There are 2 protein chains.
Amino acid sequence: MYSEPMMALARQDHTPGEIGSGDGLASVFRRQAEERFEPGAAVFWEGDAAAHLFQIIEGVLRVYKIIGDGRRVITGFLYPGDLVGLSQRRCYLYTAEAVTRVKLRRVTRSRFDEEVNGSPTLRPELFARLSDEMEAAQDQMVLLARKSAEERVASFLLTIARRASAHMNNQRPLELPMTRLDMADYLGLTIETVSRIMTRLTSRGVIAASGRHAIVVRQPLKLEILAGEGDDSAHDPIAVAYSRQAVWPN
Amino acid sequence: MYSEPMMALARQDHTPGEIGSGDGLASVFRRQAEERFEPGAAVFWEGDAAAHLFQIIEGVLRVYKIIGDGRRVITGFLYPGDLVGLSQRRCYLYTAEAVTRVKLRRVTRSRFDEEVNGSPTLRPELFARLSDEMEAAQDQMVLLARKSAEERVASFLLTIARRASAHMNNQRPLELPMTRLDMADYLGLTIETVSRIMTRLTSRGVIAASGRHAIVVRQPLKLEILAGEGDDSAHDPIAVAYSRQAVWPN
DNA sequence: CGCCTAATTGAACTTGTTCAAGAACTGTGG
DNA sequence: CCACAGTTCTTGAACAAGTTCAATTAGGCG
């Protein structure tokens, strides 16, 4: 059994990055006290008056909407450096909840608007973040509208792997702090389907479980192909050959 | 057989509105020549250098992404007043194509940035539009992740009905300029499923076909309930009673 | 009026869901 | 440190919603 090269995960995304590295917007929050949230605690609820904006210092947040009969859709997971509560509405249009223990800083909306609006360096930065968020939302629409369950899970793992490798934890176990239910509600699937596919990916040797909340990506190229990112690989004969070879790793 | 009141469609959305009505951003485009696109013509392709921004003067555009093996996802339909090509990337990340005959105006990105960035009235307007776009994207994620085929089609019709009624064509035939394939690719369904559900809605008297590209919404309240907008109706005993009554219109 | 594409309709099938156990991790307390 | 309890996760079998494939019908435009 072999191990695929890790480079496959490298990407040229301009991710928010750890706080401080080119994150001018962090300056708006820097003087605020840190607040702490235990897993499961809500930072705010859908419908609350949208009085504040938050920046995550540490931990992971899930952002979701609920429709009628308890169906939940997680629209995103937010990581250190990300902003929460951006919206020009009177009320938040989603709930934000801690997945792990979370530390964050808060500023009032008026303070934030004032400070960003007055700064010619901060403005484009905020704008760029909104664009990134929009891009992510569109990718998610593609995933939800047209990808199979396996492609969804593979895409999800890949996204997480890329974020992690961008943040230097390049090697070993990849943290999956959220539960299977969170993943399901993010991917538009059920718990059971997510579980079955994780199992299948494991038994095929694409990933390896490392406890319930961490995995190792053993075959990043294979994962990219399974994610159905028509990108390049789909038409690249080398990658395709590679995939054929990788189909039977055991 | 009765007809439900039309008020059900009224909404307090701050939609872009027809050009001119509170659309300061139109001023950026006003001096540009109108360009015309025939149905099916692309305004730009995913991957093109993102050199320009556009404002729709007339007609409807579809914006979509393609993955690998020709699967298409329409991420939105754009109407007069809407901006196209907003994005901080070097390249467009989706294709924009005329659904109907379209008239639009174009400005270079640098010109747009310059003009908007220099204006304290335009900036928040642009920001508000991005927020609206983000909100729409999130609603679409909810639709795609957790709604049934019938709920998706009902939601879609409702959205169109609301846009139309906001624009004063309050009464009769609602234009559906896109094909069934467009609807399917927007709703994450197949042509056949969309067709079946349109037929079912018609036979139940919720809507009435008026040629292939127009319908009349006969029972707006029923449509709202079918759309599964947990909003209020789900818990409002009156609306629920109304829906029970309306289940058997024939 | 007639052709051509788009839309409808039916039947078989597939993917993912639902329902129902059972297994495994986490963390708590003895 | 181990055992227990509670939850989360996995696994299987039956089911259902939507897809696929294959005609058929209906619009719309020349």
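Everything quoted here is computed from the prediction, not taken from an experiment. A note on names: the letters A, B, ... follow the listed sequences, proteins ahead of strands, and every chain is numbered from 1.
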- prompt: How would you label the contact of A/Thr179 with the nucleic acid (heavy atoms, under 4.0 Å): base, sugar-phosphate, or nothing?
  reply: sugar-phosphate
message: Has A/Arg62 got a side-chain atom pairing as donor or acceptor with A/Ala96's backbone, closer than 3.5 angstrom?
response: no
- line: Sorted by chain and residue number, the side-chain hydrogen bond (donor to acceptor under 3.5 Å, both in side chains) partners of B/Arg72 (sequence neighbours excluded) come out as B/Asp182, B/Asp185
- request: Please identify each residue that fulfils side-chain contact (heavy atoms from CB on, under 4.5 Å) with B/Glu151, with sequence neighbours left out.
  value: A/Arg71, B/Lys147, B/Ser148
statement: Outer limits of DNA chain C sitting under 4.0 Å from a non-hydrogen atom of chain B, read 5' to 3', are C/dA6 to C/dA11
field: Counterpart residues, side-chain contact (heavy atoms from CB on, under 4.5 Å), relative to B/Glu192 (two or more places apart)
entry: B/Thr190, B/Arg196
field: Any donor-acceptor N/O pair, B/Ser195 side chain to B/Ile191 backbone, under 3.5 Å
entry: no
message: What is the separation between atom CE on A/Met183 and atom C1' on D/dT10, rounded to the nearest whole Å?
response: 14 Å
message: Going by the rule side-chain hydrogen bond (donor to acceptor under 3.5 Å, both in side chains), which residues pair with B/Glu133 if we only count those two or more places apart in sequence or in a different chain?
response: none
task: Applying ring pair (Phe, Tyr, Trp, His ring centres under 6.0 Å), name anything that partners A/Phe54, two or more places apart in sequence or on another chain.
output: A/Phe44
Sort me out a list of protein N/O and nucleotides 27-30 of chain D N/O pairs below 3.5 Å, or just none if empty.
unit_1	atom_1	unit_2	atom_2	d
D/dG27	O4'	B/Arg212	NH1	2.2

field: Polar side-chain atom of B/Glu224 near backbone of B/Leu158 as donor-acceptor pair, under 3.5 Å
entry: no
task: Using the test side-chain hydrogen bond (donor to acceptor under 3.5 Å, both in side chains), find all partners of A/Thr159 that sit at least two apart in sequence or belong to another chain.
output: none
message: For a quick check of understanding: with a heavy-atom distance under 4.0 Å over all strands, which category does B/Thr199 fall into, base, sugar-phosphate or nothing?
response: sugar-phosphate
query: Quick one: bend of the helix from C/dC1-D/dG30 to C/dG30-D/dC1 from 5 pairs per end, to 10°?
result: 40°
query: Can you name the side-chain contact (heavy atoms from CB on, under 4.5 Å) partners of A/Glu35, sequence neighbours left out?
result: A/Phe37, A/Leu104, A/Arg106
Distance-only side-chain donor-acceptor flag, A/Glu97 / A/Tyr64, under 3.5 Å: yes
At a cut-off of 3.5 Å, list every protein nitrogen or oxygen paired with a nitrogen or oxygen from nucleotides 16-20 of chain D, distance to 0.1 Å.
unit_1	atom_1	unit_2	atom_2	d
D/dG18	OP1	B/Ala149	N	2.7
D/dT19	OP2	B/Thr190	N	3.4
D/dT19	OP2	B/Thr190	OG1	3.1
D/dT19	OP2	B/Thr193	OG1	2.4
D/dT20	O4	B/Arg196	NH2	2.7

- prompt: D/dC9 C1' sits how many Å from A/Asp182 CG, rounded?
  reply: 13 Å
- request: Indicate yes or no for a side-chain donor-acceptor contact from A/Tyr186 to the backbone of A/Phe156 under 3.5 Å, with no hydrogens or angles considered.
  value: no
message: Using the side-chain contact (heavy atoms from CB on, under 4.5 Å) criterion, which residues pair with B/Ala137? Sequence neighbours excluded.
response: A/Met134, A/Ala137, A/Met141
